[in-house]
Amino acid sequence: MVPGWRRAGSRARLVLVSGLLVGALALPAPAAAGEPVFTTFHFELNDSCVWGEGPPDTQLTVRLKGANGSFQGKFKTTTNGNGEWSGCFWGDIDAGDQISATDGSTSRTFTARQLKFTIDRVTDVVAGTSVPNDEVGFYIWDCNSTWNCQFATERVRSTSGNGSFSTDFTGNYDIRGGDEVEVDWVSPQGDVQWRFLYAPQLGIWVGNNVAWGIGKPRQAAKVYLLDSNGTTQRAKFEDRADAWDGEFESTFVRNGNAVDVEVGDWLVSNIASDAEFQVPNFNPSFNKATDDVSFRCFKNQLFSMYVVDDNDSDSMYVTGHANSNGMVFVNTMSADGFNLQAGDVVDLDCLTKQGDYVEVTFEVP
């Protein structure tokens, strides 16, 4: 199964068309940008691709070196008539790395600057560190209204003398688990670098012992599985969130044995102070004669349902919101021309109000 928070992050952040980034937002270059440079550099930290604008119809050799000068890759590219170019290294671009481009006679080197931040989905605060006494841009995509993340809001804020920044989106946007947040910095020469993170999110698969999610990068993500009263611990796990994107994944274990998540269990995690929810009683119902399916998710919250037939030859996918009682009613024939049969596999995805994620799978009897 594909965890829902991965599926929700559908915005293409690296779309290159004729060397230009399409779809990703970036702060405009400062008005007082000074003299034009040989070429600009545009890239996402912790990604391997870069693009820019240089002299038209010119072959460039672009290199990536580490902060200590170690070679990390190169590529050759030819700019188009507008000077646009793009390419990817073998390694990722990190803060302190040096990117250089040359046509054999003229060259320019740019050093990637520090840019890191965290997201508090409870206080709606995004805070971090970048270039001192400058500006950063904030961009948020809503991934809780539909499964296809949609742009929600943006703003610009100043950095302090030590490079720190913080902005509170309270009253403007309610950040929830799985929402996409991007922070950009633009150099005086028009270079653009950014960092991208998902807001903290917990995902679990009912009837299985696996759990996954997004936490603060490098954080020890702890997840506790409690009984239906929320008082007795059934199992727990701890996993170090990835240094770049905060991803974690592990299994619930108690006394050396795997423990499956059950209906009614409570999930609690340290990834956010509101990261706790009870697994609903899905109470699925399948009427093969009328192609009707019903089940329970979270009240007024987003759901998705994926169905594949017994022969793995046909499938359907439908999304929407549960009603005020948490109920969902789908006619597979009306929704997607799908004839519901015994043996079909149904995968349900339900988001909580906070943006955490529950997945459960059934076989049609």
Side-chain angles (χ1 to χ4, degrees), residues 1-10 118-122 143-144 147 175-180 197-282 284 295-298 301-306 326 345-362:
M1 299 302 168
V2 181
W5 60 267
R6 297 178 191 272
R7 190 156 53 226
S10 59
T118 58
I119 308 162
D120 190 323
R121 73 182 200 185
V122 178
C143 301
N144 282 266
W147 289 107
I175 300 176
R176 291 168 289 177
D179 284 346
E180 301 177 358
L197 289 173
Y198 289 100
Q201 183 182 46
L202 175 63
I204 56 100
W205 192 8
V206 182
N208 297 267
N209 59 14
V210 65
W212 58 85
I214 297 288
K216 178 181 178 181
R218 297 185 176 89
Q219 176 192 43
K222 301 177 182 180
V223 184
Y224 302 90
L225 180 64
L226 310 179
D227 66 6
S228 59
N229 295 317
T231 55
T232 301
Q233 180 177 295
R234 298 186 60 229
K236 69 176 181 179
F237 75 71
E238 179 176 329
D239 186 38
R240 181 71 60 178
D242 185 87
W244 307 129
D245 53 23
E247 293 184 10
F248 64 86
E249 182 173 352
S250 192
T251 56
F252 290 110
V253 176
R254 184 178 179 87
N255 298 326
N257 298 314
V259 179
D260 290 342
V261 179
E262 300 175 356
V263 167
D265 284 347
W266 279 89
L267 281 298
V268 180
S269 176
N270 70 330
I271 61 170
S273 60
D274 65 349
E276 60 177 53
F277 60 88
Q278 186 174 28
V279 178
N281 181 1
F282 300 95
F295 55 91
R296 185 182 301 277
C297 273
F298 297 96
Q301 302 306 310
L302 188 65
F303 80 89
S304 73
M305 183 179 77
Y306 175 73
V345 175
V346 179
D347 187 59
L348 308 178
D349 307 335
C350 303
L351 284 185
T352 72
K353 184 178 180 180
Q354 292 77 26
D356 294 314
Y357 173 78
V358 176
E359 180 173 5
V360 65
T361 308
F362 299 100

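Predicted model only: the values in this text are computed from it and were never measured.
With hydrogens and angles disregarded, no donor-acceptor distance shorter than 3.5 Å links the side chain of D239 to the backbone of F248. Looking at R121, its side chain does come within 3.5 Å of a backbone N or O of P200 through a donor-acceptor pair. Using modelled atom types, one side-chain atom of R234 and one backbone atom of D260 make a donor-acceptor pair closer than 3.5 Å. A side-chain donor-acceptor contact under 3.5 Å links S269 to the backbone of K222. Formation of a donor-acceptor pair under 3.5 Å by the Q354 side chain with backbone atoms of A275 is not found in this model. With E359 contributing its side chain and I204 its backbone, the two residues share no donor-acceptor pair below 3.5 Å. In this structure, D227 contributes its side chain and N229 its backbone to a donor-acceptor pair below 3.5 Å.
Both the sub-6.0 Å distance and the 45° axial angle are satisfied by R218 relative to the ring of W244.
Between F277 and F298, the two ring planes are perpendicular [angle over 60°; tilted spans 30° to 60°].
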Worksheet item: Run the side-chain hydrogen bond (donor to acceptor under 3.5 Å, both in side chains) check on Y357 and D349 step by step: do they pass?
Response: CA-CA 7 Å; Y357 173 78; D349 307 335; 2.9 Å; yes
Fill in: F362 vs F295, ring-ring contact (aromatic ring centres under 6.0 Å, His included): CA-CA, chis, key distance, verdict
CA-CA 11 Å; F362 299 100; F295 55 91; 8.4 Å; no
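Under 3.5 Å, the side chains of T361 and W205 contain a donor-acceptor pair of N or O atoms.
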